[in-house]
Amino acid sequence: MDIRNPRKWIFNMDYKTQLFLGIFIFFSISTELFSQSLTLVGDAKLSLKGEGVIFSAPSIQLKDNSQLINPENITLTKSDFIKITSKDANIITRLLAKGEISRIAVGIDGNTNLTIKNTGANTTFIVGMEVLSDSDALPYIWRIEAAEKSGSESASLQFSWEKEAEPEAFYPKALANRMDSQWLFLKNQTLSGELVSLEDFKEFGSSASVFAVKSSFVDTDEDGVPDILEIQQDSDFEDPLAYLDSDGDGVPDYVELIQNSDPSNPWSYLDSDEDRVADYIFERSVVVLLFASELQVPWGYPEMDQFLTDSISGMLGTGMIVDLAIHWDKSDVNIYKSGNYQIEGEIGYPIGVLDGYHLSANVAVEILPKPAPLDVVLDNDSFIASSEAFFLAVGRFEVLDPVDDIHEIMLYNEGYDNGFFEIKDNILYWSSEERAEGKTSFTIIIRVTDRDGNTLDKFFEIHRTRKPFEEIHIPNTFTPNGDGINDVWAVSELRAYQGARIQIFDGGGVRVFYTENPDIGWNGKRDGKDMPIGTYYWTIEIRESGETRRGVLNMLRK
């Protein structure tokens, strides 16, 4: 059927009387229907169904709440595009099987080809638009909704948008998805010339999604390159270090073009201060570190970390202050040794902050000197002489030091009477086999050294007590028969006395043994020959005190 009436066909809905819920035109014949320019207004619906049906008109406009169903069967003779003029008007595709493609030529504020490929369950898609007031977007957005679905599989699509005519100011362009009141650029879209494609619809839900055509110069990662350009250049617009840099000079090609430098020449970049660092890098680099470069720490203070924070501040070339993580290498610092140390810090730069000037963070640390020990005391300063043991504990040293409890205590040089003694684990020992006869008082000097190298020297008077001469036990019998038991007669307890004279006489008054060394005893011989068993007589004189003792000695051989 060919409609040639010169006036336009207008399908209008009377909102007050609601006499018609819509006007449906069904064609079930395989002929072509021609009409003049057609405008759908109100709640009008134009539905083209049936095999071989083609609707021909010079142009079609959709206004108000009107709907155009199955637009693939429409041929326009004076325009290649169906024009939508209302945000409430919709175009509805036929029921698309999985893998089927619907291509719709529409005009909203320009000429656009819209391609929908169904990648899910059999689905009818509703295509609408909304008006945007964003200055960085074309004045419309696509609203695509999966309306009628058969099967349990989720609706899914591939969405391609190709603009044949648009203002030059809106180049470049990309698709964004609306999330609440925010528009998010889609990473999985493809930009090629005038074609923008969204490959996967599923992540935006199976019921409805809204896609905006935007030429925004929003720079999410603040690297100076708009998100849309990064999409086109296949770089990550959320990574401030990912951008197209053909010459590898660290400056994005886009920035170099704006600054009139050559993006293919690594030595060509804007360098206002001629410091051989590009302005782009200068502005994003830390140029000054803000931290305490000198530090004083009390000796032995275990919490040095509280003086060294785990972050410092840095100023960028733009003057912005940023926080920088830092790790201090304290391995060379000895808090128990006063002096000056250098601590190096390893700086961790946040994403997007550059290290264009390779600044170093070093802290001069002074470990303050430690006060010297106040005193050292000995808890016991006397011991009893022994004729059998030559390693005798005398007393324990204790250092009075309110700052530290670890010290080295040693006998200071070999002067005085130090040679008779030894210090182990802060305990003073008599450690000499020498008799030191006659001495009951010894003077020693010790040195205390703390971990900071401070020393304290001090004299001590050590007293040796001896058993009184009259109380010393002197044996009256011995058996020099070579059995290793009581073979020698000796009075070794006299070894601490000075001037001891020991003599033994036989019954006729002949002296058979004489010594002034109490460590030497009589073995029952004279001139190498055994003396006969019997009774002998001894005398002991101590010149130190003038005392003398006498007694009888019986020599037996069994």
Side-chain angles (χ1 to χ4, degrees), residues 298-300 302 334-338 369-474 490-500 516-521 540 542-547 549:
W299 183 94
N334 183 359
I335 61 173
Y336 300 109
K337 182 67 177 177
S338 61
K370 173 191 173 296
L374 300 179
D375 196 8
V376 56
V377 296
L378 183 64
D379 64 359
N380 181 62
D381 61 359
S382 65
F383 68 100
I384 299 174
S386 173
S387 60
E388 298 176 353
F390 304 115
F391 199 77
L392 305 171
V394 178
R396 176 182 291 276
F397 290 106
E398 181 180 351
V399 179
L400 303 182
D401 188 341
V403 179
D404 194 17
D405 60 356
I406 298 178
H407 306 83
E408 180 186 25
I409 304 175
M410 58 181 294
L411 292 161
Y412 185 43
N413 68 43
E414 296 180 357
Y416 302 94
D417 294 319
N418 286 359
F420 295 110
F421 297 89
E422 185 175 333
I423 299 175
K424 283 187 176 182
D425 298 327
N426 295 352
I427 298 176
L428 177 66
Y429 293 91
W430 169 274
S431 64
S432 176
E433 294 184 6
E434 295 185 35
R435 301 199 309 272
E437 64 266 26
K439 288 181 67 68
T440 58
S441 180
F442 301 85
T443 299
I444 62 172
I445 181 172
I446 67 165
R447 168 163 287 183
V448 177
T449 305
D450 65 19
R451 285 188 281 179
D452 196 31
N454 297 304
T455 60
L456 170 66
D457 297 340
K458 187 173 182 180
F459 289 95
F460 287 88
E461 192 80 15
I462 307 300
H463 304 282
R464 180 173 66 171
T465 61
R466 301 172 297 184
K467 184 179 290 187
F469 178 51
E470 67 272 13
E471 295 180 7
I472 293 176
H473 172 70
I474 300 176
V491 189
S492 56
E493 285 186 283
L494 296 172
R495 63 191 321 273
Y497 284 87
Q498 184 181 29
E516 295 183 4
N517 184 353
D519 289 338
I520 298 176
I540 300 175
I542 303 297
R543 292 197 299 272
E544 173 188 337
S545 62
E547 296 176 275
R549 287 178 61 183

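Numbers here are sequence positions counted from 1.
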Taking only residues two or more places apart in sequence, or in another chain, which ones meet [X] in a side chain to side chain donor-acceptor pair (under 3.5 Å)?
| X | value |
| --- | --- |
| Glu547 | Ser545 |
| Arg495 | Asp519 |
| Ser432 | none |
| Asn334 | none |

Scan for side-chain hydrogen bond (donor to acceptor under 3.5 Å, both in side chains) pairs involving residues 420-429, sequence neighbours excluded, and state none if there are none.
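Qualifying pairs, neighbours excluded: none.
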Hey, does the side chain of Asp450 reach the backbone of Asp452 with a donor-acceptor pair shorter than 3.5 angstrom?
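Checking the backbone N and O of Asp452 against the side chain of Asp450, a donor-acceptor pair under 3.5 Å is found.
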For a quick test of your reading: what N or O donor-acceptor pairs under 3.5 Å do the side chains of residues 408-417 make, sequence neighbours left out?
{"unit_1": "Tyr412", "atom_1": "OH", "unit_2": "Arg447", "atom_2": "NH2", "d": "3.2"}
{"unit_1": "Asn413", "atom_1": "OD1", "unit_2": "Gly415", "atom_2": "N", "d": "2.7"}
{"unit_1": "Asp417", "atom_1": "OD2", "unit_2": "Thr443", "atom_2": "N", "d": "2.8"}

Sequence-distant partners of Arg466, salt bridge (charged side-chain N to carboxylate O under 4.0 Å, His left out), two or more places apart
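Only Glu544 meet the salt bridge (charged side-chain N to carboxylate O under 4.0 Å, His left out) criterion with Arg466.
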What pairs with Tyr336 under ring-ring contact (aromatic ring centres under 6.0 Å, His included), at least two apart in sequence or on another chain?
Trp299
Excluding sequence neighbours, so at least two apart, what forms ring-ring contact (aromatic ring centres under 6.0 Å, His included) with Phe383?
Trp430
Could you note down all residue pairs passing salt bridge (Lys or Arg N to Asp or Glu O under 4.0 Å) where residues 378-401 supplies at least one of them, sequence neighbours left out?
Lys370-Asp401
Taking only residues two or more places apart in sequence or in another chain, which ones pass side-chain contact (heavy atoms from CB on, under 4.5 Å) with Pro468?
Glu470, Glu471
All side-chain contact (heavy atoms from CB on, under 4.5 Å) counterparts of Thr465, not counting sequence neighbours:
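If we apply the side-chain contact (heavy atoms from CB on, under 4.5 Å) test to Thr465, skipping adjacent residues, the hits are Ile384.
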Would you say the side chain of Asn517 lies within less than 4.5 Å of the side chain of Arg435, judging by non-hydrogen atoms?
yes
